[in-house]
Amino acid sequence: MRIGVLGTGNMADALATHWVRAGHDVTVGGRDPHKAERLATRIGGGARPASLREAAESSQVVLAALPFGAGADVVRDLRAVLEGKALLDCSNPVGPGFRLLTEGGPSAARRLAAAAPGAHVIKAFNLCHEDVWRMRPPVFGGRPLAVPVCGDDETALARVRELVRDVGCEPVAGGGLERAGLLEATAALFIGLWVGEGADAQAIAPPLAYAAGPSHQETEGGTATLR
């Protein structure tokens, strides 16, 4: 798969490194050509530096590894070359006090979609710190990390699900792009719990069998047993 990366920061580094190892053709695009060249060299595996436009133009999937405040502006400038491509948004619009910056307005992902209406925006990879994505692979307690994926175009979703698996994770259907805001709000909540409170965010959810209450009851010798 041909993948263009917009941005030269930690998320670009972490995800693109996995994809190069999986055999994908990666182009790193940045405003600063020196930063793009340094990141492409660090990733290795034939990754090439380029301008933002060149990275988007040459690819089937484009990773927008950009800060929330800059993403829509960059994508708007590239909207013509993003036509028909999968545009993967991993941003978290979370500000001081773990506040969701999009509150009362469209999600970060929907803002990208509005800026490049011909692109197929997919939301994924926004729930974890970049160092989690650097793990080879992100497996905890013997179970691969699950990655919710939101989007509307099936071809774009299929490509992103493949990229999730190439990171060593399991894709989870998160619904259409209208649900991307829920992923972003979840990130704000989790970051606030993890960083602000030092709490285990995983502990707030019961096992799947209990998500809607005890899944089954039967009486054995007059004793109610859950299973």
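The residues of the chain are indexed from 1 along the displayed sequence.
Although no hydrogens or angles enter the test, the distance criterion places a donor-acceptor pair under 3.5 Å between the side chain of S59 and the main chain of G4. Between the side chain of R159 and the backbone N or O of V61, no donor-acceptor pair lies under 3.5 Å. Panel note: side chain N92, backbone V94; no donor-acceptor pair is recorded below 3.5 Å. A donor-acceptor pair under 3.5 Å is formed between the side chain of S51 and the backbone N or O of E54.
Within the 4.5 Å cutoff, no side-chain heavy atoms of K85 are placed close to those of H120. By the 4.5 Å heavy-atom criterion applied to side chains, I3 and T27 are not counted as neighbours. Between R21 and R136 the shortest side-chain heavy-atom distance falls below 4.5 Å. T186 has its side chain out of reach of L189: every pair of non-hydrogen atoms, C-beta onward, lies at least 4.5 Å apart. Contact of the V172 side chain with the V147 side chain is not registered, since no non-hydrogen atoms from C-beta on lie closer than 4.5 Å. E184 is listed as a side-chain neighbour of K123, based on a closest heavy-atom distance under 4.5 Å. Inter-residue side-chain proximity for N10 and R134 is flagged as met; some heavy-atom pair is nearer than 4.5 Å. Contact of the F68 side chain with the D89 side chain is not registered, since no non-hydrogen atoms from C-beta on lie closer than 4.5 Å.
When every heavy atom of M135 is checked against every heavy atom of H18, the shortest pair comes out as O-CE1, 3.0 Å. The nearest pair of heavy atoms linking L177 to A113 is CD2-CB, 4.0 Å. Across A16 and V26, no two heavy atoms sit closer than the pair CB-CG1, 4.1 Å. Looking at every heavy atom in both residues, A124 comes nearest to V149 through CB-CG2, 4.1 Å. Contact detail for L112 and A64: the closest heavy-atom pair is CD1-CB, 4.2 Å. For A12 against I43, the heavy-atom pair with the smallest separation is O-CD1, 4.5 Å.
By the neighbour-count criterion of 12 heavy atoms within 6.0 Å, atom CZ of R31 is sparsely surrounded, having that number or fewer from other residues, nucleotides or ligands. Atom CD1 of I204 has more than 12 heavy atoms from other residues, nucleotides or ligands within 6.0 Å. Heavy atoms of other residues, nucleotides or ligands lying less than 6.0 angstrom from CD of E178 number more than 12. Residue E37 qualifies as open at atom CD: its count of foreign heavy atoms under 6.0 Å is 12 or below.
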| query | Passes side-chain contact (heavy atoms from CB on, under 4.5 Å), C169 versus W133? Steps please. | reply | CA-CA 9 Å; C169 300; W133 304 124; 3.9 Å; yes

Item to complete: Under the side-chain contact (heavy atoms from CB on, under 4.5 Å) rule, what do L145 and V139 come out as? Steps first, then yes or no, please.
Response: CA-CA 6 Å; L145 186 68; V139 172; over 6 Å; no

Under the criterion salt bridge (charged side-chain N to carboxylate O under 4.0 Å, His left out), I'd like the reasoning laid out for R2 against D25: C-alpha separation, chi angles, the key distance, then a yes or no. CA-CA 5 Å; R2 298 189 308 279; D25 183 355; 5.9 Å; no

Run the side-chain contact (heavy atoms from CB on, under 4.5 Å) test on I122 and L87 for me, step by step, so that the C-alpha distance in whole Å, both residues' side-chain angles and the decisive distance to 0.1 Å come before the verdict. CA-CA 6 Å; I122 306 293; L87 178 60; over 6 Å; no

Candidate pair E154 and R161, rule salt bridge (charged side-chain N to carboxylate O under 4.0 Å, His left out), full reasoning:
CA-CA 10 Å; E154 187 51 46; R161 286 193 292 263; 2.4 Å; yes

Which is it for V164 and F125 under the side-chain contact (heavy atoms from CB on, under 4.5 Å) test, yes or no, and what are the steps along the way? CA-CA 8 Å; V164 169; F125 294 111; 3.6 Å; yes

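None of V20, L15, D13 except one satisfies the side chain to side chain contact (heavy atoms under 4.5 Å, CB included) rule with T17; the exception is D13.
Cluster membership check: V167 shares its hydrophobic cluster with L39, using side-chain heavy-atom separations under 4.5 Å among Ile, Leu, Val, Met, Phe, Trp and Tyr. A continuous path of Ile, Leu, Val, Met, Phe, Trp and Tyr side chains, each step under 4.5 Å between heavy atoms, connects L66 with L82, placing both in one hydrophobic cluster. Residues V132 and L88 fall within the same hydrophobic cluster, defined by Ile, Leu, Val, Met, Phe, Trp and Tyr side chains chained together at heavy-atom separations under 4.5 Å. Follow the hydrophobic side-chain contacts under 4.5 Å out from F98 and you reach F190 in the same cluster. The cluster map of Ile, Leu, Val, Met, Phe, Trp and Tyr, joined by side-chain heavy atoms under 4.5 Å apart, puts F140 and W194 in different clusters.
Note that the CG atom of L63 and the CG atom of L163 stand 9.0 Å from one another [nearest 0.5 Å]. To the nearest 0.5 angstrom, C150 atom SG is 4.0 Å from L183 atom CG. Atom CG of L127 and atom SG of C90 lie 11.0 Å apart (nearest 0.5 Å). Here CG of L6 is found 5.5 Å from CG of L52. Values are rounded to the nearest 0.5 Å. Between R111 atom CZ and R76 atom CZ the span is 10.5 Å, to the nearest 0.5 Å.
One side chain, H24 or D166, offers a donor N or O that lies under 3.5 Å from an acceptor on the other.
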